[in-house]
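What follows is one structure encoded as C-alpha cells, with my remarks underneath.
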Amino acid sequence: MDNQKLVVAVSSRALFNLDESHAIFETQGKEAFCRYQIEHENEILPPGFGFSLVKKFLDINKAFPGAPLVEIILLSQNSADTGLRIFNSINHYELAISRAAFTSGVSPYEYIPAFGAHLFLSANGEDVRKALAAGYAAATIVSGAVANPSPQLRIAFDGDAVLFSDESERIYQQHGLAAFAANERSEAHKPLSDGPLKEFLSALHRIQTHFDQDLSPIRTALVTARAAPAHERVVRTLRAWGIRIDEALFLGGMPKGAFLKAFGADIFFDDQKGHCDSAESHQIAAAHVPHGVTNQHRP
C-alpha cells in the first residue's frame, strides 16, 4: 500500500441511505432482507450521510495529475449477493470505488489494516466501537447535511480524545477545570499523546503538501472547548507532530455548531455526542468518535 495515499473505508449504510432495507432486516430478519435487496438490486439507492464527503474525497484525485491521492474502500456487512445493489448504485453515481469487503453479517472492522485504511466511517456504532478498541481510527456518522457547494473539502476535529489522547480530559473529568488548567500550564512543553484520528489528520496533511496552501483541495480546523492558557500545549503538540492545521478555534466551552457553520465544515469529528448534536442543529454532518473517558460505561 502506498503510504502517501489516504485510504478511507466506508460502510454501505454510511455511503447510501439503506434505512428501508435495514428496517426489514430489523423487523423481519436476514432472509427477508436478502430477498428484498435482490428483488430491488436494479433500483438506485439514495445518498447517505457520508455520500457527499466520499464524493469530495474522490474529486481530489481529479485535481492532481499523478497517482491517486485518495482511495475509498467499501466495508459492508452485506453479502456479495445482496451487495450487488450497492455496486450498481456506485456505478450509477460514477464513484471510483473498486475495492470492497462483504462479510455477510460479521463486523468488517478486521479488514481495516489489511486495506491500509486511515479511517473507517460507518453508520453502525458497534462496528466503530470494535474498531476503536482494536486500535483503528473510526467514527460513527450520525448526521448529514446539504452538501457544501464549495469544491474544497473542509474537515473539522475536536481535540482531546479525537486528535489527542484523553489524558487531559481525564484530569478534567476527575478533578475539575482548575486542576485541568494547572496541568496544561505545567505540561505546556510536553506534547500530548496521539489520539485515534491523529494518523488520519497526518494523511490529510500529506495530501495538502502536494498543493500550494492557497490552492489546497482540503482545509482543516481544530474546534475545541479549550481556551487560553490550555491552548499552548495543543499548538506545541501539532508543531511537534509536524502537522499543519489551517484554523484553530479555542471556544472555552461555547457551543460549537455556529463556528462549524462559519468554517463551512463538510464533517466534524467529536468524542461527545452533545457536540455532534450542536453540529447537526446547524446542518453540519457530524461523526461521533466513541473513545476516551467521556464514552466509558455508555451504550
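Everything numeric in this text was worked out from a predicted model, so none of it was measured. Position 1 is the first residue of the sequence, and the numbers go up from there.
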Quiz prompt | Side-chain donor or acceptor of Asn295 paired with backbone N/O of His291 under 3.5 Å | solution = yes
Exercise. Count the heavy atoms of every other residue, nucleotide or ligand shown that sit under 6.0 Å from CD of Glu20, and state whether that count exceeds 12.
Key: no
For [X], enumerate each residue passing the salt bridge (Lys or Arg N to Asp or Glu O under 4.0 Å) test, keeping only those at least two apart in sequence or located in another chain.
X      : answer
Asp194 : Lys198
Arg13  : none
Lys30  : none
Arg185 : none

Using the test side-chain contact (heavy atoms from CB on, under 4.5 Å), find all partners of [X] that sit at least two apart in sequence or belong to another chain.
X      : answer
Ala63  : Phe211
Ala240 : Pro191
Pro108 : Leu75, Gln77, Thr103, Phe120, Asp127

Practice problem: Kindly state each residue pair satisfying salt bridge (charged side-chain N to carboxylate O under 4.0 Å, His left out) with at least one member in residues 103-112, sequence neighbours excluded. | Solution: none
Self-check item: Pairs where residues 276-288 contributes a residue and the test salt bridge (charged side-chain N to carboxylate O under 4.0 Å, His left out) is met, not counting sequence neighbours
Solution: Lys273-Asp277
Among [options], the one residue meeting side chain to side chain donor-acceptor pair (under 3.5 Å) with [X]:
X      : options                : value
Ser12  : Ser89, Ser122, Ser76   : Ser76
Asp158 : Gln272, Lys256, Arg226 : Lys256
Arg85  : Glu39, Gln37, Glu41    : Gln37

Quiz item: NE2 of His231 to CZ of Phe250: how many Å apart, nearest 0.5 Å?
Solution: 6.5 Å
Quiz item: Mind checking who shares a hydrophobic cluster with Phe33, ILVMFWY linked at side-chain heavy-atom distances under 4.5 Å?
Solution: Phe25
Self-check item: Transitive ILVMFWY cluster of Leu260, excluding itself - 4.5 Å side-chain cut-off
Solution: Val223, Leu249, Leu251, Met254, Phe259, Phe268, Ile284
Could you list the donor-acceptor pairs under 3.5 angstrom formed between side-chain atoms of residues 212-222 and any protein atom two or more places apart in sequence or on another chain?
residue : atom : partner : partner atom : Å
Ser216  : OG   : Ile218  : N            : 3.1
Ser216  : OG   : Ile218  : O            : 2.9
Arg219  : NE   : Glu247  : OE2          : 2.9
Arg219  : NH2  : Glu247  : OE2          : 3.3
Thr220  : OG1  : Asp246  : N            : 3.3
Thr220  : OG1  : Asp246  : OD2          : 3.3

